[in-house]
Amino acid sequence: MRWPEFIEVIKAQQGEEGDFSGLDWNEKCEILRSNPVTVMRMFEKRVDALMTDLILSPAQPISPVEDYLFRVEFQARGSPHIHMVVWIEYALEVEDPEDCPDVIEFIDRFITCQMPDEKTDRELHKIVMQEWICHTCDGHLIKGGMPSIAVANSLELAPVPPELDELNGSDRVQ
């Protein structure tokens, strides 16, 4: 359970206080399912902070944002998560296969698939290992598809140029 304060708040609402870190995964999930309104309100505040204090902040860590779309989903255990697409100014488009290196360089400025070194940054390495990848999204990519929210909102992705085929999720091993 990544957010122990969710458990603490729900248990406090139920009149219980203490150290709940010793609860097993199923017990923690049951607590989350017992109060979905509190879970969602706390999660919404986290998403608001992500957007306001980071993505849309004056620091513009990924360039000025033109638009964004996210969808909140709940795992069977009751844990909320989001799937998000962010459109940014100055994003390059692949109109010519010769543009591919520039696009890759642009993307690499913001996204990395490199594992942090366990020796030099043990905490970040641990976080990445725990949070690695959303298997639902990966399943869409492996099948060459898109999440249903993107389809429902008529979002279209340009086809992957053959020069980038080795980066296409459909080539990865599950």
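Nothing fancy with the numbering, it's 1 onward along the sequence.
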Problem - From CZ (Phe20) to CD (Glu27), nearest 0.5 Å - result: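 With rounding to 0.5 Å, CZ (Phe20) is 11.0 Å from CD (Glu27).
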
Handout entry: Spacing of Glu30 atom CD and Ile10 atom CD1 [to the nearest 0.5 Å]
Key =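 One finds 11.0 Å between CD of Glu30 and CD1 of Ile10.
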
Are any non-hydrogen side-chain atoms of [X] and [Y] less than 4.5 angstrom apart?
{"X": "Met51", "Y": "Val65", "result": "no"}
{"X": "Ser57", "Y": "Thr52", "result": "no"}
{"X": "Ile55", "Y": "Tyr68", "result": "no"}
{"X": "Val47", "Y": "Phe70", "result": "yes"}
{"X": "Ile82", "Y": "Leu50", "result": "yes"}
{"X": "Asp67", "Y": "Val85", "result": "no"}

Run the side-chain donor-acceptor check on residues 34-45: report pairs under 3.5 Å with partners two or more places apart or on a different chain.
residue : atom : partner : partner atom : Å
Ser34   : OG   : Gln14   : NE2          : 3.2
Ser34   : OG   : Ile31   : O            : 2.6
Asn35   : OD1  : Thr38   : N            : 3.1
Asn35   : OD1  : Thr38   : OG1          : 3.1
Asn35   : ND2  : Gln13   : OE1          : 2.7
Asn35   : ND2  : Thr38   : OG1          : 3.2
Thr38   : OG1  : Gln13   : OE1          : 3.1
Thr38   : OG1  : Gln13   : NE2          : 3.2

Exercise for the section: Sorted by first residue and then second, give each salt bridge (charged side-chain N to carboxylate O under 4.0 Å, His left out) pair with at least one member in residues 13-25; sequence neighbours left out. Expected result: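 Sorted result for residues 13-25: Lys11-Glu16.
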
Problem - Over 12 non-hydrogen atoms of neighbours within 6.0 angstrom of CD in Glu105 - result: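 Open.
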
Exercise for the section: State, to 0.1 Å, how close Tyr90 and Phe106 come at their nearest heavy-atom pair, and which atoms those are. Expected result: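 Residues Tyr90 and Phe106, closest heavy atoms: O-CE1, 3.5 Å.
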
Exercise for the section: Specify the closest pair of heavy atoms between Ile7 and Lys28, including all atoms of both residues, with the distance to one decimal. Expected result: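 Of all heavy-atom pairs spanning Ile7 and Lys28, the closest is CD1-O, 3.5 Å.
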
Exercise for the section: For the pair Arg71 and Glu73, find out whether any cationic side-chain nitrogen is under 4.0 Å from an anionic carboxylate oxygen. Expected result: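 Here Arg71 pairs with Glu73 in a salt bridge, since their nearest N and O are under 4.0 Å apart.
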
